[in-house]
Amino acid sequence: MPEIMARYLITSALPYINGVKHLGNLAGSMLPADVHARFRRLQGHEVLYICATDEHGTPAELAAAEAGQDVRTYCNEQFVIQRDACAGFKLSFDHFGRSSNPPNHRLTQAFCEALEKNGLIEERVTKQIYSVDDKRFLPDRYVEGTCPVCGFERARGDQCDNCGSLLDPVDLKNPRSKISGSTNVEARDTAHLFLLQPKMQDRIRAWVDKATDWPQLARSIAYKWLDEGLIDRAITRDLSWGIKVTKDGKPRPGFEGKVFYVWFDAPVEYIGSTVEWAESTGADWERWWREDKGASDVTYVQFMGKDNVAFHTVSFPVTIMGSGEPWKLVDRLKAFNWVTWYGGKFSTSEKRGIFMDQALELLPSDYWRWYLMANAPESSDAAFTLEQFQQTVNADLANVFGNFVNRITRFAASKFDSAVPDGGEPGEAEEKLAKEFADRLKTLTQCHEQMEMRKAAAELRAIWVAGNEYLQVAAPWTAIKTDRDKAAVGVRTGLNAVALFAILAQPFIPDAAKAVLDAMGVPDENRTWPKPEDVGVWDALPRGHAFTPPDVLFKKIEDADVAAWTERFGGVDGA
RNA sequence: GGUGGGGUAGCUCAGCUGGUUAGAGCGCGGGAUUCAUAACCCCGAGGUCGGGAGUUCAAUUCUCCCCCCCACCA
């Protein structure tokens, strides 16, 4: 089918290496990005879906220390855990990389050097708290002390939780290390590189002004930062785990014990991961990222949680644009709010909420995928409850879709010998179904194109319902008693609906969709996204074509399951 | 504290630039059906659209104030 092929570069915010993510993290970036990637592939577009673990920074170091491991070993283990959890959810990354891998080191260093050549980097000496016992400089939030403003004794280095004053760690009285508790700390001079963001302020604003199709949430956050005024930001830290600072490709004098701050190198890994992908497949990464190397026709779509919007709309663009090089900038952006656990926070320590690896122990990924996207936190935070999860999955997947597939395939198996029947002509009922299907398919397609997950799921569900309505009217089980041709039309239409419904379900529930399409014997090349004007879809299965009724697609979630899970994961209201 | 996002039927949520009897799914009540995972289909009952004031012929939809919830604050 000749179509206008487009190219989509899709990234989802990088999950931090520190432990397996919970369902909220999944629902807010990786999963919707996957749904979108699958949809665009089905449309016949060329898609590159990239993700990676974000591995640098103090939290990784501390988590490793707590686990009694060196950071590298810790990250190696955690990377595998996260990669496997993502695979378990059928996230169809073209590559899942690591920000600690060599390509990101090279790129990050190159970006910094390019920025410096353009006068956007400045070396400054500042005073920071050094912990003698910990043998390290302390990040702001790992310094505690008495607030110089209100006298609160447990003020953090960056802010006092009591009076709200923004603080500088060196101003705290009686400072101590939050890591070891040691009070043997002192302010020491240390040099850092600063990114002169204010110099880019006007260019960033002009760029945001043109981004009229960004969602409201993204634009308002970007403007908020711009209105407040960008500030010079340190992009290096006194740590050992991270990307070394260079000058002219060699270690930068005076920066031997320093690395880039994690927020500077993490987004660069979008590119780094693409390079990893290219190195492992022999593909060309520059045609996805360099405007001068063929990327000008790429549509770049980013998925992220609302906490990441500022970095993607302002900070990272400063790096990209400031380099003066023709890198690809984000075109479309989708931001999500949070999924909450019964209205409160997910928490490992308090045993509240389900994490990705645990979810897969309970049920196949499709169950979670469907619920999380049908209830995606698009306009506001969305509460996850096991009770609603049970209801949604049982109703939508088991009763509406699963049962539709089951009822018509089993009827066809017993009365028409497990083959697509010939004979009869479509009538009024078939016309009505085709009309409704075409209308809803149009809407569904638009929802996917706009990345409206909830609406897309609702529309898909409505299409499934239309199938059940049709069967109710066509009632082949009645017709077969008097008019075999009429029953044949009903069964044939129903079986084609099974295939169509599964094709449209692929982005959301890929495994179940595949099981249905395999059972119906639909060849891969016929599983592409249909168009509303294609009327041939209702006679796509060859007449006489044999199929195997699939097994029950979705087992219902029992009340006893919910009770057990509530016990284990802390349901109801614990907050 | 600042900024942003929310407060709409029992529950989870839709409701562009203001305008006939405010919508969906689930849950609930009734009916129909028997091909099917006690499933499906139809009908119905449920809401002073957080509170107050204002603008307007007209506000859930605009403005202001207040009260709650959530997130972020480099």
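Only heavy atoms go into these numbers, but all of them, side chains included; no hydrogens, no water, no symmetry mates. Order of the sequence lines fixes the chain letters, A, B, ..., with proteins taken first and strands second; residue numbering starts at 1 for each chain.
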- Task: May I ask which nucleotide in the shown strands pairs with B/rG2, Watson-Crick or G-U wobble, both distances under 3.5 Å?
- Result: B/rC72
- Message: Check this one for me: any side-chain N or O of A/Lys556 less than 4.0 Å away from OP1 or OP2 of B/rA39?
- Response: yes
- Message: Using a 4.0 Å heavy-atom cut-off, does A/Phe311 contact any base of the nucleic acid, only the sugar-phosphate backbone, or nothing at all?
- Response: nothing
- Query: What's the CG-P distance between A/Asn337 and B/rC13, to the nearest Å?
  - Reply: 11 Å
- Note on the structure: Heavy-atom nearest nucleotide on RNA chain B taken for A/Leu471 and for A/Thr340; more 5' hit belongs to A/Leu471
- Message: Check A/Lys199 with A/Glu122, please: is the shortest side-chain N to carboxylate O separation under 4.0 Å?
- Response: no
- Query: Rounded to whole angstrom units, what separation is found between the CD atom of A/Glu459 and the P atom of B/rG25?
  - Reply: 12 Å
- Query: How far apart are the closest heavy atoms of A/Val522 and A/Ala499, and which atoms are they?
  - Reply: CG2-CB, 4.0 Å
- Query: A/Asn403 has a side chain; which of B/rG25, B/rC35, B/rU37 sits nearest to it?
  - Reply: B/rU37
- Proximity to the side chain of A/Arg410 - top-ranked nucleotide from B/rU37, B/rC41, B/rU12: B/rU37
- Candidate nucleotides B/rG5, B/rU37, B/rU12, ranked by approach to the side chain of A/Gln388 - the nearest: B/rU12
- Note on the structure: Nearest heavy-atom contact between A/Lys555 and A/Tyr367 is N-OH, 2.7 Å
- Listed nucleotide nearest any side-chain atom of A/Phe554, set B/rU37, B/rC41, B/rU12: B/rU37
- Message: What contact category does A/Ala382 fall into here, base, sugar-phosphate, or nothing, at under 4.0 angstrom with non-hydrogen atoms?
- Response: sugar-phosphate
- Message: Taking only the P atom of each, what is the distance from B/rG18 to B/rG2 in whole angstrom?
- Response: 30 Å
- Closest listed nucleotide, where the reference is the side chain of A/Asn468 and the choices are B/rC35, B/rU37, B/rC41: B/rC41
- B/rU21 -> Watson-Crick or G-U wobble partner, both distances under 3.5 Å, gives none
- Query: Contact class for A/Ala383 (heavy atom, under 4.0 Å): base, sugar-phosphate, or nothing?
  - Reply: sugar-phosphate
- Message: Can you tell me if A/Trp477 is stacked onto the base of B/rC35, using a 5.5 Å centroid cut-off and an angle below 30°?
- Response: yes
- Take the protein atom OH of A/Tyr470 and the nucleotide atom C1' of B/rU33, then report the distance between them rounded to whole Å. 17 Å
- So does A/Arg205 pair up with A/Asp209, basic N to acidic O under 4.0 Å? no
- Message: Please find the pair of heavy atoms, one from A/Glu123 and one from A/Ala191, that lie closest to each other, and give the distance.
- Response: OE2-CB, 4.1 Å
- Calculate the interatomic distance between A/Asn399 atom CG and B/rA39 atom C1'; express it in whole Å. 5 Å
- Upstream residue (5' side of RNA chain B) when A/Arg454 and A/Ile231 are each assigned their closest nucleotide: A/Arg454
- Note on the structure: Of B/rU37, B/rC26, B/rC13, the nucleotide closest to the side chain of A/Gln391 is B/rC26
- Task: In whole angstrom, give me the gap between the P atoms of B/rC62 and B/rU20.
- Result: 16 Å
- Message: I want to verify a distance call: between B/rC35, B/rG27, B/rU37, whose nearest atom is closest to the A/Asn406 side chain?
- Response: B/rU37
- Query: Which nucleotide, in any strand shown, forms a Watson-Crick or G-U wobble pair with B/rG46, with both distances under 3.5 Å?
  - Reply: none
- Item | Interatomic distance at C1', B/rG52 relative to B/rU12, whole Å | 29 Å
- Message: Checking base pairs now: Watson-Crick or wobble, both atom distances under 3.5 Å. What partners B/rU55?
- Response: none
- Message: Over 60° means perpendicular and under 30° means parallel, so tell me whether A/His36 and A/Phe303 are parallel, tilted or perpendicular.
- Response: tilted
- Item | Span that lies between the C1' atom of B/rC28 and that of B/rC11, in whole angstrom | 12 Å
- Tightest non-hydrogen contact, residues A/Trp538 and A/Asn496, listed as O-ND2, 3.0 Å
- Task: Report which part of the nucleic acid A/Ile480 touches: base, sugar-phosphate, or nothing (heavy-atom distance under 4.0 Å, all strands).
- Result: nothing
- Rounded P spacing from B/rC64 to B/rU55 in Å: 15 Å
- Message: Please give the distance between the C1' atoms of B/rC26 and B/rG46 as a whole number of Å.
- Response: 14 Å
- Item | Rounded P spacing from B/rA58 to B/rG44 in Å | 33 Å
- Message: What is the separation between atom OH on A/Tyr367 and atom P on B/rU37, rounded to the nearest whole Å?
- Response: 15 Å
- Taking atom C1' in both B/rA22 and B/rC13, compute the distance separating them and give it to the nearest angstrom. 14 Å
- Query: Which nucleotide in the set B/rC35, B/rC41, B/rC13 lies at the smallest distance from any side-chain heavy atom of A/Glu469?
  - Reply: B/rC41
- Message: Of the options B/rU37, B/rC41, B/rC26, whose atoms approach the side-chain atoms of A/Val465 most closely?
- Response: B/rC41
- Message: Please report the distance, rounded to the nearest Å, between CH2 in A/Trp370 and P in B/rC26.
- Response: 12 Å
- In whole angstroms, how far is the C1' atom of B/rG25 from the CG atom of A/Leu397? 13 Å
- Task: Could you tell me whether the phosphate oxygens of B/rA24, OP1 or OP2, come under 4.0 Å of any side-chain nitrogen or oxygen in A/Arg461?
- Result: no
- Query: For B/rC16, which nucleotide in any strand shown is its Watson-Crick or wobble partner with both distances under 3.5 Å?
  - Reply: none
- Can you check the A/Phe404 CZ to B/rC40 C1' distance for me, whole Å? 11 Å
- Measuring from A/Ile204:CD1 to A/Leu230:CG, what's the distance to the nearest 0.5 Å? 7.5 Å
- Base paired to B/rU34 (Watson-Crick or G-U; both N/O distances under 3.5 angstrom): none
- B/rG15, syn or anti by chi within 90 degrees of zero: anti
- Describe the nucleic acid contact of A/Lys555 in one word from base, sugar-phosphate, nothing, applying a heavy-atom distance below 4.0 Å. nothing
- Query: Taking 4.0 angstrom as the limit, do A/Asp511 and A/Arg369 come out as a salt bridge?
  - Reply: no
